[in-house]
> 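Before I ask anything, let me first share the structure, which is written out below as structure tokens.
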There are 2 protein chains.
Amino acid sequence: MPQTTVTARALMALVTEIFQRGGLSQQHAEALGRAIVAGERDNCKSHGVYRIEGCLRTVKAGKVAPDAVPALDDTAGAILRVDAKGGFSNAAFELGAPALAARARELGMAALVINDCVHFAALWPEIEMLTDMGLAAMAMCPSYASVAPTGGTAPLMGTNPFAFGWPRPDGAPYVFDFATSVAARGEIELHRRAGKPLPEGWALDKDGVPTTDPEAALNGAMLPFGAHKGSAISTMIELLAGVMIGDLTSPEALDLLGTTTLAPKHGELILAFDPARFAAGRGDPLARAETLFEAIAGQGARLPSQRRFAARAETERNGITLTEAEMALMEKLRDQGLEAVDLV
Amino acid sequence: MPQTTVTARALMALVTEIFQRGGLSQQHAEALGRAIVAGERDNCKSHGVYRIEGCLRTVKAGKVAPDAVPALDDTAGAILRVDAKGGFSNAAFELGAPALAARARELGMAALVINDCVHFAALWPEIEMLTDMGLAAMAMCPSYASVAPTGGTAPLMGTNPFAFGWPRPDGAPYVFDFATSVAARGEIELHRRAGKPLPEGWALDKDGVPTTDPEAALNGAMLPFGAHKGSAISTMIELLAGVMIGDLTSPEALDLLGTTTLAPKHGELILAFDPARFAAGRGDPLARAETLFEAIAGQGARLPSQRRFAARAETERNGITLTEAEMALMEKLRDQGLEAVDLV
């Protein structure tokens, strides 16, 4: 496949231009641009250039406010709140993150609630923004009803991502960010295209019967990771990052939009912890964490996100490699704007 | 097996007497008694009468301060801290819980750190104490190094329990409390006694090779639930409820004691959330949660802890059934105190 190499800066300029041409305000275009470029920089293609068209489709469908100005309310103790006003979540998080960090340092811990946002991004860029400020962080959000609870038969929970990060003094943080479904919908789609059966335990068909047929799975429900334990964590995410923050659960998000081809609207919950405040002089938490990481890596286990960080080191040296098809699509979107976007 | 039935009140009196006879202060004897009785009331035998002897063994070995007076420090914003001073965790939690609830209501969210405690209890009694006060809660702690990280070969993490609760206006709360290992050590022991092979994916032998032989597993390492995702959550617990709070990680707890036959010393982290403060008028979170629970139960999936709550309803009507052997052991411990306890 013919390829081309671009710098992160050049890619950022192009993606931002595409989003502005698509009707997004500069604030949103840049925030989305940073998320897309971070995905490509880390060779995390599922959250890279591939996502641009979906964002624009959501704009074209009128399901996101392209020029919403998010507003911060930090009057509620340990809870900070950003009203995204129907805009994409990224700018809302960027607005709230510095205030969240300051409040976590002041109180030891704080929460950022994002309401009424349209969500398309991975959680790890947000987690890394907080670990870069020396904080530990946890983030979670609902998505679309697509996962059956363990023992159930039909889609109810979303793939509900759960992410956590811990700052490391030298280099990349400890970060994980995973779906609480056993597999991503995209992985089931890949099995379908390859004509390969799914592993057992991934999915149910539309009658709620376990299936290894990808087509039947796509018309049925995915299953949570880790059986009843993953199902419980996914339920916790619906509760904390859905009903508790006064925003939509995954079944409500699907009901509102009626399709899974557009970015869903719901809320997000981020918790930030100041390790120094929690340790209160009982040892150096960052140094002690390194001992734990060395023990994990020392027995041959990988820390999460290492593949991303290796890709990042590579692209920071040598630039980001994109296919000609990706470049051609971006140029078309830049030149033709929403005209080039199909509503499926 | 001959059985006898006792009221919760009578069992509480007997267990408290045993612990006082074993040298525990009244505060600790009663706090431990409440935990043991709660286990039997819910037919959760793994945290019931069976645990009494292990607590007394830990006292006899000099590995717990039997009359420690826990001290609360609530001067650190959203972080409340109880120094258990080497005593059992239960009294420390009981001291901190009302202050935690008050701070969570004041700030929206608060954390309770318990340091320097000896831990033998399940987390769900603590979670339920907070849901009874109308709060959502999350709790976690390390344990002993017994679980290999995914991709690793040797025990490093503990079985690290993770628990969460959500208050329900009518009746028992939504609660889960599970080990982040795929199975409990006791389940492996049961397979060994029955001469049954383990399911694949439960354990490694002492050379780090996957095994289905229970004997080899007991000399090797358990594995996390949910593969790399469960391994990541277990690591998060070591970080947040070990190093961050300035207390021991699971490998450090094992190093300190040198055995897994006594209750381990480490810390614990509990987070409490006030749903009304988080929702801030955006719907009634408790009512909306009921809609979610109905949707889960409505498709035939079980909510966690339902078996416990059914047992509770049964024992509250009909009393707690114990075997003659359990009664005889308790009477012996009451009459002979620590003399009756072997140090293994």
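What's counted below: heavy atoms across the whole structure, side chains too, no hydrogens, waters or symmetry copies. Letters A, B, ... are given to chains in the order of the sequence lines, protein chains preceding strands, and every chain is numbered from 1.
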> At a heavy-atom distance under 4.5 Å, which candidate from B/Gly242, B/Ala279, B/Pro285 has the highest pair count against chain A?
B/Ala279
> Relative to chain A, which of B/Ala76, B/Ala111, B/Gly152 shows the most heavy atom pairs under 4.5 Å?
B/Gly152
> With a 4.5 angstrom heavy-atom cut-off, is it the side chain or the backbone of B/Leu286 that approaches chain A, or both, or neither?
neither
> Measuring from atom CD1 of B/Ile296 to atom OH of B/Tyr174, what distance do you get when rounded to the nearest 0.5 angstrom?
6.0 Å
> Is the shortest side-chain heavy-atom distance between A/Pro264 and A/Tyr144 below 4.5 Å?
yes
> Check the orientation of A/Phe225 and A/Phe178. Use parallel for under 30°, tilted for 30 to 60°, and perpendicular for over 60°.
perpendicular
> Can you check salt bridge (charged side-chain N to carboxylate O under 4.0 Å, His left out) on B/Lys85 and B/Asp116, steps first, answer last?
CA-CA 6 Å; B/Lys85 299 187 178 176; B/Asp116 197 19; over 6 Å; no
> Sort A/Leu303 into side chain, backbone, both or neither according to what part of it lies under 4.5 angstrom from a heavy atom of chain B.
neither
> Looking at B/Leu269, B/Leu240, B/Val113, B/Thr249, which one has more heavy-atom pairs under 4.5 Å with chain A than the rest?
B/Leu240
> Does the side chain of B/Glu268 pick up a donor-acceptor pair with the side chain of B/Ser89 at under 3.5 Å?
no
> Is the closest side-chain heavy-atom distance between A/Thr159 and A/Val147 below 4.5 Å?
yes
> State, yes or no, whether a side-chain contact exists between B/Val182 and B/Pro224 at a heavy-atom distance under 4.5 Å.
no
> Given that the side chain runs from C-beta out, which part of A/Leu271 has a heavy atom under 4.5 Å from chain B: side chain, backbone, both or neither?
side chain
> Is chain A contacted by the side chain of B/Glu252, its backbone, both, or neither, given a heavy-atom distance below 4.5 Å?
side chain
> Under 4.5 Å, counting heavy-atom pairs only, tell me which of B/Met138, B/Arg302, B/Met109 racks up the most with chain A.
B/Met109
> Chain B: which of A/Arg277, A/Glu238, A/His228 shares the most heavy-atom pairs with it under 4.5 Å?
A/Arg277
> With a 4.5 angstrom heavy-atom cut-off, is it the side chain or the backbone of A/Thr150 that approaches chain B, or both, or neither?
backbone
> If you measure only the distance, is there a donor-acceptor pair under 3.5 Å linking the side chains of B/Arg288 and B/Thr291?
no
> Please identify, among B/Ile233, B/Asp284, B/Thr180, the residue contributing the most non-hydrogen atom pairs under 4.5 Å to chain A.
B/Ile233
> Among B/Gly246, B/Ser231, B/Gly267, B/Pro275, single out the residue with the greatest number of heavy-atom pairs under 4.5 Å to chain A.
B/Gly246
> Highest number of heavy-atom pairs under 4.5 Å with chain B: which of A/Ala154, A/Gly298, A/Pro251, A/Ala289?
A/Ala154
> If you tally heavy-atom pairs under 4.5 Å against chain B, which of A/Asp274, A/Asn115, A/Ile245 wins?
A/Asn115
> By a 4.5 Å heavy-atom criterion (distance strictly below it), what part of B/Thr153 contacts chain A: side chain, backbone, both, or neither?
both
> Does A/Ile114 form a side-chain contact (heavy atoms from CB on, under 4.5 Å) with A/Leu112? I'd like the steps, not just the answer.
CA-CA 6 Å; A/Ile114 302 178; A/Leu112 175 62; 4.3 Å; yes
> Given a strict heavy-atom distance threshold of 4.5 Å, which part of B/Asp247 is in contact with chain A: side chain, backbone, both, or neither?
both
> Taking atom CZ of A/Phe164 and atom CZ of A/Phe273, what is their separation to the nearest 0.5 Å?
7.5 Å
